[in-house]
Amino acid sequence: MMRFATKKRPLILFIIAICLIAAANGAVGLAEDSAAPLAQESAAAAGGSDVPTAAEVQKNLDFVWTMVAAFLVFFMQAGFAMVESGFTRAKNAVNIMMKNLMDFSVGSIAFLLLGFGLMFGTSPTGWFGTDGFLLSDFAKDADKWLYAFWMFQVVFAATAATIVSGAMAERTKFSAYLIYSAVITALIYPVFGSWAWGSLHHGNGWLEKLGFIDFAGSTVVHSVGGWAALWGAVMLGPRMGRYEKDGKVMAIPGHNIPMAALGVFILWFGWFGFNPGSTTAGNADIARIAVNTNLAAAAGAIASLIASWGIFRKPDGAMALNGVLAGLVAITSPCATVTPMASVYIGAIAGVVVVLSVLFFDRIRIDDPVGAISVHGVCGALGTLLAAVFHEEGFTMARLGVQALGVASAFAWVSVTAGFLFFLIKKTVGLRVSEEEEMDGLDYHEHGNTAYPNFQLIEKR
Amino acid sequence: MMRFATKKRPLILFIIAICLIAAANGAVGLAEDSAAPLAQESAAAAGGSDVPTAAEVQKNLDFVWTMVAAFLVFFMQAGFAMVESGFTRAKNAVNIMMKNLMDFSVGSIAFLLLGFGLMFGTSPTGWFGTDGFLLSDFAKDADKWLYAFWMFQVVFAATAATIVSGAMAERTKFSAYLIYSAVITALIYPVFGSWAWGSLHHGNGWLEKLGFIDFAGSTVVHSVGGWAALWGAVMLGPRMGRYEKDGKVMAIPGHNIPMAALGVFILWFGWFGFNPGSTTAGNADIARIAVNTNLAAAAGAIASLIASWGIFRKPDGAMALNGVLAGLVAITSPCATVTPMASVYIGAIAGVVVVLSVLFFDRIRIDDPVGAISVHGVCGALGTLLAAVFHEEGFTMARLGVQALGVASAFAWVSVTAGFLFFLIKKTVGLRVSEEEEMDGLDYHEHGNTAYPNFQLIEKR
Amino acid sequence: MMRFATKKRPLILFIIAICLIAAANGAVGLAEDSAAPLAQESAAAAGGSDVPTAAEVQKNLDFVWTMVAAFLVFFMQAGFAMVESGFTRAKNAVNIMMKNLMDFSVGSIAFLLLGFGLMFGTSPTGWFGTDGFLLSDFAKDADKWLYAFWMFQVVFAATAATIVSGAMAERTKFSAYLIYSAVITALIYPVFGSWAWGSLHHGNGWLEKLGFIDFAGSTVVHSVGGWAALWGAVMLGPRMGRYEKDGKVMAIPGHNIPMAALGVFILWFGWFGFNPGSTTAGNADIARIAVNTNLAAAAGAIASLIASWGIFRKPDGAMALNGVLAGLVAITSPCATVTPMASVYIGAIAGVVVVLSVLFFDRIRIDDPVGAISVHGVCGALGTLLAAVFHEEGFTMARLGVQALGVASAFAWVSVTAGFLFFLIKKTVGLRVSEEEEMDGLDYHEHGNTAYPNFQLIEKR
Amino acid sequence: MKKIEAIIKPFRLEEVKNALQEIGVSGMTVTEVKGFGRQKGHTEIYRGAEYVVEFVPKLKMEVTVAADTVPVVVETILTSARTGKIGDGKIFVYDVDEVVRIRTGERGREAL
Amino acid sequence: MKKIEAIIKPFRLEEVKNALQEIGVSGMTVTEVKGFGRQKGHTEIYRGAEYVVEFVPKLKMEVTVAADTVPVVVETILTSARTGKIGDGKIFVYDVDEVVRIRTGERGREAL
Amino acid sequence: MKKIEAIIKPFRLEEVKNALQEIGVSGMTVTEVKGFGRQKGHTEIYRGAEYVVEFVPKLKMEVTVAADTVPVVVETILTSARTGKIGDGKIFVYDVDEVVRIRTGERGREAL
Ligand SMILES: Nc1ncnc2c1ncn2[C@@H]1O[C@H](COP(=O)(O)OP(=O)(O)O)[C@@H](O)[C@H]1O
Ligand SMILES: Nc1ncnc2c1ncn2[C@@H]1O[C@H](COP(=O)(O)OP(=O)(O)O)[C@@H](O)[C@H]1O
Ligand SMILES: Nc1ncnc2c1ncn2[C@@H]1O[C@H](COP(=O)(O)OP(=O)(O)O)[C@@H](O)[C@H]1O
């Protein structure tokens with residue numbers, strides 16, 4: 001305790017600092033919203049004291065629906081944490097929990113400071129937004145919808161970042177992780193997002209103008225995350241002992257499959273906010289989107305189970321879990337513009353593709369502990385293309401072209417920026433932990449913790 | 001890897017096949033819904049560009065509420081998976097996760113192909129539906145509500161199937177499981193459902209015409225699942241070492257009680273979608289239904305804790321968990337037609353009954369690892385009867401008679417069909433794994449996986 | 001089994017008893033709500049058969065939103081259970097699950113019988129409510145909103161009780177726990193609640209009259225729970241081996257950090273019901289409240305990570321988890337009356353304070369296994385004060401004074417009542433288990449169960 | 001005094017323990033171990049990659065008995081642990097210099 | 001050289017370890033084991049069915065020391081591990097032919 | 001016959017096992033143990049309080065072999081387990097009176 005004591009004074013100063021900055025900011029606070037009615041009142045209001053119009057009530061319904069959907073998408077963070085940690089080793093479980101907790105926390109602040117503005121601010125060029133940082137648009141428009149929209153967008157932004165952590169698990173420095181997840185949420189994701197979704201608010205991206213369809217983000221969120229994961233995994237290199245000299249691929253089984261399965265259930269649950277919620281309007285369209293989302297996930301699970309059964313002669317549990325996610329990622333783009341039957345096909349195709357993709361990346365020796373590259377990168381691109389193939393208004397070459405352009409531009413943008421980012425980190429703070437740290441596990445060396453102190457673990461590598 | 005290579009060609013063909021079928025189906029897709037407005041637009045719409053009427057907004061609210069409730073019910077799948085796996089042994093954990101994942105996936109497709117039509121299609125006879133397969137009603141009615149209703153019903157259908165897996169855990173062949181869970185969702189559950197709920201859509205069942213009350217499915221969902229579980233457990237026989245020759249009952253403790261407890265919390269949470277959601281309308285009635293649901297669950301927990309305390313001299317954790325579920329199952333039928341006080345009594349009675357029922361089935365040597373028969377079968381029937389006993393409009397012998405008839409017909413229908421189904425499977429693919437597989441655990445033999453590779457397990461039986 | 005047989009007769013009597021009481025109550029049931037329309041009908045109604053007004057639809061929306069929020073808050077119980085059990089030892093995991101399950105169950109009944117009336121009944125004095133027990137207000141007002149309001153309030157009441165269990169974990173008698181959690185939900189929490197929130201229904205508290213701001217309960221729920229936890233921990237004394245004679249503080253690491261992290265994610269998720277839901281109205285205000293809640297949590301995580309990094313030279317996982325909760329608790333009171341920027345500051349301050357507070361209570365040798373006192377007590381008070389400091393209408397000394405008065409009165413009321421309660425229990429049934437029971441673990445001695453029978457545990461203390 | 005150490009298949013524990021009790025063995029100590037020998041491990045699949053689990057779960061059972069009772073104890077273990085399949089395990093016998101019961105300090109035969 | 005093997009109650013580990021350090025024991029190896037003996041296991045209840053947990057958790061502590069120090073080591077363990085209750089455990093002493101330190105290849109006394 | 005008991009660093013298991021196979025060792029038994037010795041444990045932090053993990057995870061490997069092969073086996077373990085860092089572990093050699101294969105009842109050399 002004693003050796004701690006000395007270090008507490010700076011903290012007091014830290015708090016005071018926060019207060020001072022805050023004070024300076026106090027004005028902003030005033031300007032921003034000078035009379036938020038206390039909810040009690042507004043509850044009364046809603047109770048009928050003043051008479052709302054149907055349009056107002058619909059607007060309120062849009063708020064409620066969009067918030068509920070945002071909460072469900074937030075909960076996906078728990079799902080990602082469970083899947084990633086379940087698919088990796090016990091000695092890194094604390095580190096993985098911290099990464100999933102911190103990427104969302106750091107991401108929320110980064111999106112507040114920079115991301116949202118870059119993605120949805122007025123975009124003269126069509127290449128990135130230029131205003132609306134720090135939620136400043138409220139002062140301009142005085143429209144409370146801004147908060148609902150921001151809340152829904154921040155949980156999406158954090159998803160892109162968290163995808164990366166899975167592919168880089170068990171060997172990445174915690175500090176490096178914090179840096180790149182901040183950059184992804186502040187720059188890489190929002191800039192691309194502005195191309196495809198900017199017009200949902202004040203922007204107008206060049207890609208959406210061409211008619212690019214990415215309803216809930218197979219490309220904008222998942223491929224972007226997946227391709228960043230790809231370059232991260234490449235730069236890091238595989239985990240020790242994953243690939244032997246003689247070319248043999250050594251499995252490194254995850255430490256808790258039921259935990260991973262719980263994660264997949266949570267993600268499936270959250271996806272009902274991710275896709276139907278992307279209407280950001282409480283209306284009749286949400287139902288078919290939910291049906292499509294569910295059918296694609298189910299078909300994905302079945303298809304990958306069959307595929308793994310065929311290839312490995314056993315219905316591999318972990319592959320079926322990936323199959324669910326593959327179906328969900330693939331339907332994310334087309335979910336509002338295809339029929340339920342088409343959703344079944346899309347999910348089924350993704351379910352098979354993800355199995356082949358996982359095997360492929362293993363063969364080219366890119367080590368992705370959770371399959372993030374295959375699930376989010378590959379199936380995200382796949383779904384974006386299938387959105388054209390299965391479009392309910394029929395297939396057109398033109399539409400496919402635009403979709404392909406979107407897919408390609410996402411890959412290009414992320415490869416350049418993320419590639420450069422990881423390179424920079426590698427040359428500065430360093431990207432990968434030492435061999436000893438990797439062997440002992442990141443929990444001890446990075447956090448000084450142990451995930452399961454009461455359990456006798458099997459000590460091997 | 002090499003020996004896999006050869007087996008990948010068929011998969012490519014498989015994908016192409018999917019695409020071809022899909023193409024053939026493309027037309028359907030077109031016909032089905034030729035202009036789903038992109039959500040962005042409709043969001044704008046909701047924003048006020050055109051003025052909605054109050055009735056339209058209410059309809060939208062019904063969509064939102066029904067979808068949210070459906071998502072909560074979906075999440076119950078995670079709860080069932082946690083409870084079942086927590087109450088069984090570590091060596092079968094992967095298998096149980098896979099079963100819970102696949103029964104929902106297979107069930108979703110089976111309900112799309114057959115189940116929904118049989119349950120809610122026009123029913124000339126009153127005994128089963130005859131149209132509306134593959135969501136074809138949309139072409140007819142062009143009413144988007146179909147999707148909302150289908151989504152809500154599919155999560156119910158999957159619940160019935162998943163109940164069965166608990167009672168048959170730790171000794172059932174995975175392939176056999178896939179078959180019977182498909183049949184239950186495609187035939188056994190929907191046909192009975194059409195008797196009691198058909199008129200919610202295009203059908204009109206003979207049972208509901210008599211005034212049978214089963215608001216959210218104590219009988220339709222839970223008893224049906226429970227009785228199927230009963231016959232499954234009977235056909236399978238007990239797990240090795242569960243009952244000794246000398247008549248002694250040997251406990252086989254579940255491997256992770258906190259996991260089971262988490263499952264119960266998730267189920268309780270999901271039940272707030274199951275019961276209040278069954279209004280499929282966002283109105284003032286949902287509140288009392290939620291209150292009733294909560295009070296019955298609480299009373300069930302307390303009653304079973306007291307009961308186990310009295311019988312075993314210790315407040316048995318696992319029993320209290322069953323008590324919560326017993327209360328929830330029992331209130332599912334009467335939740336909309338009894339007072340909160342009555343709900344307390346119903347929950348309390350169910351809480352005691354489930355304890356006695358678990359002991360009873362152990363005595364007659366029917367091995368039910370998670371207590372599914374007692375919780376869903378017995379308490380489902382109990383709740384359906386208590387719906388008459390505690391009806392807020394007062395008790396009438398007539399009403400009790402109808403309820404009893406419903407309970408009996410459920411038991412009869414399921415006993416015949418499920419009994420026959422399991423018999424058939426037993427004679428063909430086989431229902432039970434070999435002694436060796438059961439001893440080593442299903443995870444290794446069925447899936448070639450291990451649930452907890454980093455943990456030192458206690459190897460005994 | 002045989003020795004059980006004898007003990008089952010009383011249970012049959014028990015059930016009959018329940019039925020008789022119920023019968024006696026049957027009339028009540030009738031009176032209470034003599035014609036709850038079956039939901040099917042009302043669904044039809046909502047479908048448009050009669051035309052609702054916009055005001056009616058808004059009211060329905062308020063029902064839907066308030067119920068959804070209540071369900072999310074309920075789910076927090078699972079979060080508390082995971083955090084508490086993850087932060088404690090494997091040998092007490094069943095006991096902790098049971099406590100978290102039973103405090104909600106017992107609490108629900110206690111709040112029905114007593115709590116709600118004391119908190120929201122007509123309060124002539126302004127010090128406690130005097131009617132509305134057993135949901136009797138419905139007979140008076142015939143307003144179904146009562147049920148929605150009650151449902152939302154009961155999940156809050158249970159939260160206060162469950163907070164206590166964390167600080168008293170691993171050494172409290174199960175029977176003692178049941179008693180005090182009932183008393184807290186029936187008396188201690190509701191009486192204070194009536195001072196600050198009574199006017200939300202029929203009451204009018206002296207504190208709210210003075211303009212006390214506690215939007216969602218930093219003080220009413222969290223501080224009350226936290227201060228009760230403080231006195232509980234003081235009366236119990238530390239766990240064996242926690243503090244050595246020579247003054248050294250011995251860590252007793254929690255047995256499952258990923259489980260604790262999952263719990264924190266669930267709590268964060270549930271808090272979106274806790275804060276935005278406290279509008280109990282589906283309107284535009286919920287969005288900014290959600291944004292504020294999220295930003296405070298994120299800032300709390302970052303700040304406590306930095307703080308622990310600074311003090312311990314390592315980013316301590318468990319501390320970051322506490323930081324999230326600290327931010328959430330602190331923003332609970334001001335969430336509707338501060339700007340998003342202010343929420344960042346509030347969360348950041350709480351994140352640092354919680355770290356210092358945990359160290360402080362360790363230094364004065366008050367053993368709080370999960371940090372409940374620091375998170376809920378200290379940060380609850382902190383947030384209530386910061387609500388004045390960062391109020392969007394600007395800081396006024398008067399407002400700070402009222403807030404301080406509220407904080408102080410909460411501390412005073414709880415110290416007196418909870419102190420007395422624990423003293424009484426200690427002198428009667430006893431508060432703490434024997435040394436032997438503590439050493440072997442409460443699971444075996446209190447429940448005769450084991451949480452992880454298939455895992456080789458590390459047996460030490 | 002002699003220590004008899006038997007490596008057995010986990011699921012035989014009950015049988016062996018009961019058999020030993022019947023011949024009056026007062027106590028024993030059991031450890032979870034992993035074995036490597038003629039009985040080969042098995043191959044598992046994880047996300048497309050195979051891996052061999054070479055070590056087989058076994059139990060090590062240690063019983064210290066008076067020298068003269070060794071033959072009967074060994075015989076008992078042989079019959080109760082045997083399944084006839086590869087991997088049934090081994091019995092090792094070691095010499096023990098001294099035994100002390102911690103509770104009483106008794107030594108030798110009395111300590112067992 | 002001799003190996004002293006003590007079966008003790010898990011919660012005595014700290015005391016015994018410290019006591020041995022004080023008399024200059026340089027190293028030891030500890031294993032989680034299950035014991036069976038006079039101290040009977042206990043009965044648990046699970047969903048209405050009882051089951052007996054016959055094996056009691058114990059720790060096995062192995063210390064190899066020079067022959068001449070055996071008496072003092074045994075004495076130290078006796079006093080530090082004893083609670084006086086049934087189940088305190090046993091101490092077994094075995095002869096050790098040879099000891100080698102892997103790092104250095106040193107043998108005998110030097111290796112300890 | 002002799003029993004060779006080696007306490008090694010967990011991550012050396014593969015190497016040692018393979019090395020032993022190459023010189024024809026037919027079987028072995030491995031146990032998860034905790035070691036205490038020159039290699040000190042480490043300090044962890046948990047919610048602001050530090051605690052020392054004094055015991056280091058090790059593996060105990062037991063191989064029973066014919067007496068004449070002891071030197072080569074020991075040599076093999078020494079070279080394959082050595083990292084040169086403190087904590088590499090120890091090798092202990094004990095005398096074995098008798099070995100029996102449970103499956104066949106074979107004794108002595110045949111039983112190995
Ligand atoms: N030389 C040995 N030294 C120590 N333990 C051994 C030895 N040989 C075999 N064992 C143990 O005995 C177990 C069974 O031996 P194995 O050769 O697999 O079958 P069997 O007992 O039928 O010969 C092994 O798993 C291992 O734990
Ligand atoms: N004959 C034996 N051989 C090996 N271990 C034994 C033997 N007898 C007892 N033990 C070990 O010693 C422990 C304590 O012995 P027990 O008879 O229960 O109490 P006590 O040590 O007081 O006699 C047992 O749990 C078991 O692990
Ligand atoms: N006297 C001993 N008796 C039994 N085991 C020992 C003894 N000394 C050391 N060990 C075991 O050997 C391991 C390594 O010994 P240590 O002194 O840490 O390093 P080194 O092997 O380099 O001397 C210890 O962790 C412990 O398990």
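Below, each value reflects all heavy atoms present in this structure, side chains not excepted, and no hydrogens, waters or symmetry copies. Note that the structure is a prediction, hence the values are computed from the model and not measured. Labels below follow one simple rule: chain letters A, B, ... track the order of the sequence lines, proteins then strands, and each chain is numbered from 1.
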Discussion item. Looking at every heavy atom in both F:Ile7 and E:Ile102, which two are closest together, and how far apart are they?
Written reply: O-CD1, 3.6 Å

Practice prompt. Tabulate, in ascending numerical order, the residues of residues 52-87 of chain E having at least one heavy atom closer than 4.5 Å to a heavy atom of chain F, or enter 'none'.
Written response: E:Lys60, E:Glu62, E:Thr64

Worksheet entry | Interface residue of largest heavy-atom contact number with chain F, from E:Arg107, E:Glu106, E:Arg103, under 4.5 Å | E:Arg103

Discussion item. Any carboxylate oxygen within less than 4.0 angstrom of a Lys/Arg side-chain nitrogen, looking at E:Glu98 and F:Lys2?
Written reply: no

Practice prompt. Name, in order of residue number, those residues of residues 24-43 of chain F that have a heavy atom at a distance of less than 4.5 Å from a heavy atom in chain E; otherwise write 'none'.
Written response: F:Thr31, F:Glu32, F:Val33, F:Lys34, F:Gly35, F:Phe36, F:Gly37, F:Arg38

Fill in: Segment of E:Leu13 engaging chain F (4.5 angstrom heavy-atom cut-off)
side chain

Discussion item. When you compare the side chain of F:Tyr94 with that of E:Asp97, does any pair of heavy atoms fall below 4.5 Å?
Written reply: no

